[in-house]
Structure formats: structure tokens, C-alpha cells
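Only one structure is covered here, and it is reproduced in the block below.
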Amino acid sequence: MAASSNYWEDLRKQARQLENELDLKLVSFSKLCTSYSSSSSRDQRARDSRSDSGGSSQDNMLVAMTTELEQLLANLTAVNNRMAEYTNTPGTSSQHAALMHTLQRHRDILQDYTHEFHKTKSNFLSLREREDLLGSVHRDIESYKSSSGVNNRRTELFLKEHEHLRK
């Protein structure tokens with residue numbers, strides 16, 4: 001019984017460690033997503049899109065952090081699943097209520113972190129899509145202005161030539 005009790009404690013320690021790591025990473029992820037939408041980032045993304053570069057370092061950080069968070073969530077899910085298997089093993093019936101309560105608490109934490117991650121990621125993607133769309137509209141406007149400027153110049157030259165011909 002002592003060996004199985006140590007197994008449960010090891011699982012709980014793993015779960016708490018992963019939860020603490022997830023908490024810190026989610027805060028960093030949220031800050032990174034917020035800073036990404038600052039005006040300097042928009043200017044950098046506009047320059048990046050014009051130069052067809054592979055993406056900014058902030059883009060790469062976001063991709064890496066997203067992958068890392070998804071991996072941590074998967075690891076915590078696996079630990080929770082092992083905890084659930086443990087509660088169903090014979091010989092744990094005397095502690096079953098306490099184990100189930102602990103397991104439920106870890107499941108709730110996992111659910112909260114998963115929800116927070118997906119919400120932050122979704123908000124960021126919506127914001128980036130909106131900014132990309134606005135950037136596209138601004139580029140179209142600038143393109144139209146520059147092309148209409150050329151057309152206006154041509155029109156002026158034709159009018160001047162026409163005026164000279166009439167004299």
C-alpha cells in the first residue's frame with residue numbers, strides 16, 4: 001500500500017508542477033499576445049509582409065509558445081488520466097472519496113487552463129486577422145492614390161499638350 005501511495009503522491013507532484021508551469025506560461029503568452037498588437041508590432045508586420053520575409057521573431061516566439069503550451073496541456077491531461085486509472089485500482093476504496101476529490105480538482109484546473117489558452121489564442125488570432133485586413137485596406141488605398149496620381153499627371157500632360165495644340 002505504501003508503494004501505491006507514493007505513486008499517487010508522485011502523480012500529484014507532477015500535476016502541481018505542470019499546473020504551475022502552465023500558469024506562468026499562460027501569463028507570458030497573454031502578455032506576448034497583447035504586446036504583439038502594439039503599434040510597433042503592426043509596423044513591423046507591415047514591413048515583413050512587404051518584404052516577404054519568413055516572419056518576425058515575435059511570430060516565431062508565438063508559434064513556439066503555442067506549441068509548448070499545447071504540449072504542457074497534453075502532459076497534464078496524461079497525468080490526470082493516470083490519476084484516474086489509479087483511483088480505479090483495487091485497494092483504494094478506503095481513500096476513494098478523497099482521491100476523487102483531488103482528481104476532480106486537478107481536472108478543473110486543467111479545464112480552466114485549457115479554456116484560458118484557447119480563449120487567449122482565439123482573441124489573438126481575431127485581432128491579428130482584423131489588423132491584417134485593415135493593413136490590406138490601407139495598402140489598397142495607398143496603391144489607388146499612387147496610381148491615380150500617375151493618371152492625374154498623365155491627364156495634366158495631355159491637357160497641356162492639347163492646350164498647346166489649340167494655340
Side-chain angles (χ1 to χ4, degrees), residues 4-89 92 95-147:
S4 65
S5 176
N6 286 341
Y7 179 69
W8 176 256
E9 287 304 314
D10 287 344
L11 289 175
R12 285 187 60 202
K13 285 178 187 175
Q14 287 177 25
R16 285 193 304 263
Q17 179 186 4
L18 288 168
E19 289 165 356
N20 289 336
E21 197 172 344
L22 269 164
D23 188 44
L24 293 172
K25 298 277 184 195
L26 282 169
V27 169
S28 297
F29 183 65
S30 179
K31 286 180 181 178
L32 186 61
C33 288
T34 302
S35 71
Y36 191 89
S37 65
S38 70
S39 62
S40 62
S41 296
R42 279 195 300 268
D43 294 344
Q44 179 63 40
R45 282 199 313 277
R47 273 181 261 140
D48 287 346
S49 65
R50 278 186 233 124
S51 64
D52 293 328
S53 67
S56 70
S57 62
Q58 208 166 21
D59 285 335
N60 296 337
M61 283 177 54
L62 277 164
V63 169
M65 194 169 261
T66 299
T67 302
E68 188 175 358
L69 280 164
E70 288 170 344
Q71 185 62 45
L72 286 170
L73 289 168
N75 291 346
L76 185 56
T77 299
V79 169
N80 280 352
N81 289 341
R82 289 196 309 253
M83 290 172 83
E85 290 171 10
Y86 178 81
T87 61
N88 293 326
T89 59
T92 60
Q95 308 168 354
H96 191 70
L99 295 178
M100 289 304 293
H101 175 74
T102 302
L103 175 60
Q104 186 58 46
R105 179 68 187 127
H106 286 290
R107 283 180 172 165
D108 291 344
I109 291 169
L110 172 62
Q111 184 178 9
D112 289 345
Y113 286 154
T114 302
H115 177 73
E116 184 179 341
F117 170 67
H118 289 296
K119 180 180 169 189
T120 303
K121 184 178 174 184
S122 175
N123 287 343
F124 167 72
L125 292 174
S126 295
L127 178 68
R128 189 163 92 178
E129 184 178 309
R130 180 179 173 273
E131 288 179 354
D132 288 346
L133 179 62
L134 287 174
S136 173
V137 169
H138 287 296
R139 283 190 299 277
D140 290 347
I141 290 170
E142 290 303 317
S143 173
Y144 175 76
K145 283 181 180 178
S146 65
S147 69

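Only heavy atoms go into these numbers, but all of them, side chains included; no hydrogens, no water, no symmetry mates.
- Expressed to the nearest 0.5 Å, how far OG1 of T77 lies from CZ of R82 amounts to 11.0 Å.
- No hydrogens or angles considered: nothing links the side chains of D10 and Q14 as a donor-acceptor pair under 3.5 Å.
- Summarising the geometry, atom CG belonging to D112 is positioned 10.5 Å from atom CG belonging to L26; distances are rounded to the nearest 0.5 Å.
- H106 has its side chain out of reach of L110: every pair of non-hydrogen atoms, C-beta onward, lies at least 4.5 Å apart.
- Atom OG1 of T120 is separated from atom CZ of F29 by 6.5 Å, given to the nearest 0.5 angstrom.
- The closest donor-acceptor contact from the side chain of S28 to the backbone of L24 lies under 3.5 Å.
- For the atom pair CG of N123 and CG of L127, the computed distance is 8.5 Å after rounding to the nearest 0.5 Å.
- Summarising the geometry, atom CZ belonging to R16 is positioned 11.5 Å from atom CG belonging to L18; distances are rounded to the nearest 0.5 Å.
- Annotation: salt bridge (charged side-chain N to carboxylate O under 4.0 Å, His left out) contacts of E9 (sequence neighbours excluded): R12.
- Annotation: side chain of D59 is in contact with side chain of R128 (closest heavy-atom distance under 4.5 Å).
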Side chains of residues 66-76: which donor-acceptor pairs under 3.5 Å do they make with residues two or more places apart or in other chains?
| residue | atom | partner | partner atom | Å |
| --- | --- | --- | --- | --- |
| T66 | OG1 | L62 | O | 2.8 |
| T67 | OG1 | V63 | O | 2.9 |
| E68 | OE2 | K25 | NZ | 2.9 |
| E70 | OE2 | K121 | NZ | 3.3 |
| Q71 | NE2 | N75 | OD1 | 3.1 |

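- Side-chain atoms of S30 never come within 3.5 Å of backbone atoms of V27 as a donor-acceptor pair (strictly under, hydrogens ignored).
- Remark: Q111 CD is loosely packed, at most 12 non-hydrogen atoms of other residues, nucleotides or ligands lying under 6.0 Å away.
- Applying the salt bridge (charged side-chain N to carboxylate O under 4.0 Å, His left out) test to R105 and every residue at least two apart in sequence or in another chain returns nothing.
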**OP:** Please step through side-chain contact (heavy atoms from CB on, under 4.5 Å) for the pair T102 and W8, ending with a clear verdict.
**Re:** CA-CA 11 Å; T102 302; W8 176 256; 3.9 Å; yes
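- Expressed to the nearest 0.5 Å, how far OH of Y113 lies from CD of E21 amounts to 11.5 Å.
- Judged by distance alone, the side chain of D23 and the main-chain N or O of E19 form no donor-acceptor pair under 3.5 Å.
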**OP:** Under the side-chain contact (heavy atoms from CB on, under 4.5 Å) rule, what do M83 and T87 come out as? Steps first, then yes or no, please.
**Re:** CA-CA 6 Å; M83 290 172 83; T87 61; 5.7 Å; no
